[in-house]
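Single-structure report; data block below.
Here the structure is a predicted model, which is why all the values come from computation and not from measurement. Counting starts at 1 for both ligands and their atoms, following the listed order.
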Amino acid sequence: MNEHNFKKQLGQNFLIDFESIIEFVDAADIKEGDNVLEIGPGDGAVSDIILQRKAQLTAVEIDSELIPTLNERFAGFTNFKLINADILQLDLAELGLNKGFKLIGALPYNISKQIINLFLKTTIKPACMCFILQKEVASDYAFKGRFLNILANTYAGKISYIKTLPAHFFNPEPKVESAIIKFEQLGPRFDKPESLLKFVKIAFSAPRKILSRNLANAGFDKLEIESELKKMGLSEKSRAGELAFEHWTKLYQALKK
Ligand code: SAM
């Protein structure tokens with residue numbers, strides 16, 4: 001890949017640490033016969049391992065300069081299908097993915113949240129999704145205290161922070177650390193997921209302020225919020241980051257009555 005002209009605007013930082021490539025594919029539990037969708041195969045380092053495991057791989061790469069290299073590298077593999085497209089513009093139904101396909105990708109950092117949002121909400125549900133993201137963003141999805149964690153919990157029953165990857169595991173080296181993250185049990189966990197998230201977003205609007213004040217500013221009854229927080233064993237002065245997903249669903253349902 002020495003001759004490749006890395007495109008910063010496409011988030012082209014290729015994973016070069018072989019052990020981490022294996023750990024990434026292992027995290028997605030990719031086995032023979034699995035139907036796998038890979039976003040942004042790049043030079044094919046991750047695709048190679050998936051293909052060796054005899055999974056059926058569909059890879060979507062936006063950079064047309066990488067297409068001949070990838071086709072050449074995997075010419076002998078009948079289980080490889082390459083699509084030159086923008087993952088955000090594709091009609092996912094046309095990819096012919098089996099129910100329960102596995103999704104994997106070292107994502108371009110500038111659009112990683114858009115991609116995750118798309119696949120959290122799509123009706124064609126993957127069995128799991130494993131991504132490499134900027135470490136801070138992966139932490140926001142995986143750990144309590146951030147809006148992104150509640151968003152992820154609204155659409156996935158299990159989110160695991162697998163491993164931090166230092167910058168020197170990539171070529172060219174990004175300025176930030178990365179991490180492997182896994183989403184499982186995909187599907188909405190609340191009957192009106194978008195209304196719930198709109199409500200939670202208001203509570204997070206000034207994250208350092210107490211959440212009852214943020215919600216009261218948007219017209220909710222402050223005393224009622226405080227009483228519901230107390231019923232759940234929480235302080236009436238709680239900040240949005242202190243509540244878990246289950247608290248949000250209870251609070252939303254109580255206030256919407
Ligand atoms: N999979 C390789 C690896 O692990 O080393 C490359 C990962 S690199 C971080 C991101 C890849 O996504 C690049 O190959 C880039 O060209 C591709 N890409 C960027 N935007 C894309 C988009 N909208 N749709 C599909 N691929 C995209």
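- Gln12 contributes a side-chain N or O that, together with a main-chain N or O of Lys7, makes up a donor-acceptor pair within less than 3.5 Å.
- Put simply, the side chain of Ile104 does not reach to within 4.5 Å of the side chain of Phe131, judged on heavy atoms.
- Distances below 4.0 Å separate heavy atoms of Gln12 from the following atoms of ligand 1: 13 (C), 15 (C), 16 (O).
- Phe199 CZ to Leu255 CG: the interatomic distance, rounded to the nearest 0.5 Å, is 4.5 Å.
- Between Asn13 and ligand 1, no pair of N/O atoms sits closer than 3.5 Å.
- Among protein heavy atoms, atom 1 (N) of ligand 1 sits closest to Gly40 O, 2.7 Å.
- Polar contact with ligand 1: absent for Phe14 (N/O pair, distance under 3.5 Å).
- Given atom 18 (N) of ligand 1, the protein heavy atom at minimum distance is Ile62 CG2, 3.6 Å.
- Side chain of Asn153 to main chain of Asn149: a donor-acceptor pair is present (N/O by atom type, distance under 3.5 Å, no hydrogens or angles).
- Those atoms of ligand 1 that come under 4.0 Å of a heavy atom in Val46, given as number and element, are 4 (O).
- Within 6.0 Å of CD on Gln9 lie more than 12 heavy atoms contributed by other residues, nucleotides or ligands.
- Among all non-hydrogen protein atoms, the one lying nearest atom 20 (N) of ligand 1 is Pro108 CG, 3.5 Å.
- Shown in contact with Glu38 at under 4.0 Å from a heavy atom are these atoms of ligand 1, numbered in order with element: 1 (N).
- Listed by number with element, the atoms of ligand 1 under 4.0 Å from a non-hydrogen atom of Gly11 are 8 (S), 9 (C), 10 (C).
- Residue Lys222 qualifies as enclosed at atom NZ: its count of foreign heavy atoms under 6.0 Å is above 12.
- The distance criterion of under 3.5 Å between nitrogen or oxygen atoms is met by Ile87 with respect to ligand 1.
- Of the possible donor and acceptor atoms, none in the side chain of Lys54 sits under 3.5 Å from a partner among the backbone N and O of Lys31.
- Considering backbone and side-chain atoms together, Asp86 places an N or O closer than 3.5 Å to an N or O of ligand 1.
- The shortest contact between atom 3 (C) of ligand 1 and any protein heavy atom is with Leu15 N, 3.7 Å.
- Here the protein heavy atom with the shortest distance to atom 19 (C) of ligand 1 is Leu10 O, 3.2 Å.
- A side-chain donor-acceptor contact under 3.5 Å links Thr154 to the backbone of Ile150.
- Every atom of ligand 1 with a heavy atom of Val60 under 4.0 Å away is listed here by number and element: 25 (C), 26 (N).
- For Ile111, every heavy-atom contact with ligand 1 shorter than 4.0 Å involves the side chain, none the backbone.
- Taking the six-membered ring where the residue is Trp, Tyr252 and Phe190 present perpendicular rings, their angle passing 60° and hence far from 30°.
- At the top of the distance list for atom 10 (C) of ligand 1, counting protein heavy atoms only, stands Ala106 O, 3.4 Å.
- Distances between N or O atoms of Glu61 and those of ligand 1 include at least one value under 3.5 Å.
- At least one donor-acceptor pair closer than 3.5 Å links the side chain of Lys144 to the backbone N or O of Glu242.
- Put simply, the side chain of Asn35 gets close to the backbone of Asn98: a donor and an acceptor are under 3.5 Å apart.
- Distances from ligand 1 to the non-hydrogen atoms of Pro41 include at least one value under 4.0 Å.
- No side-chain donor-acceptor contact under 3.5 Å links Glu177 and Thr164.
- Numbered from 1 in the order shown, with element, the atoms of ligand 1 that lie under 4.0 Å from a heavy atom of Ala85 read 24 (N), 25 (C).
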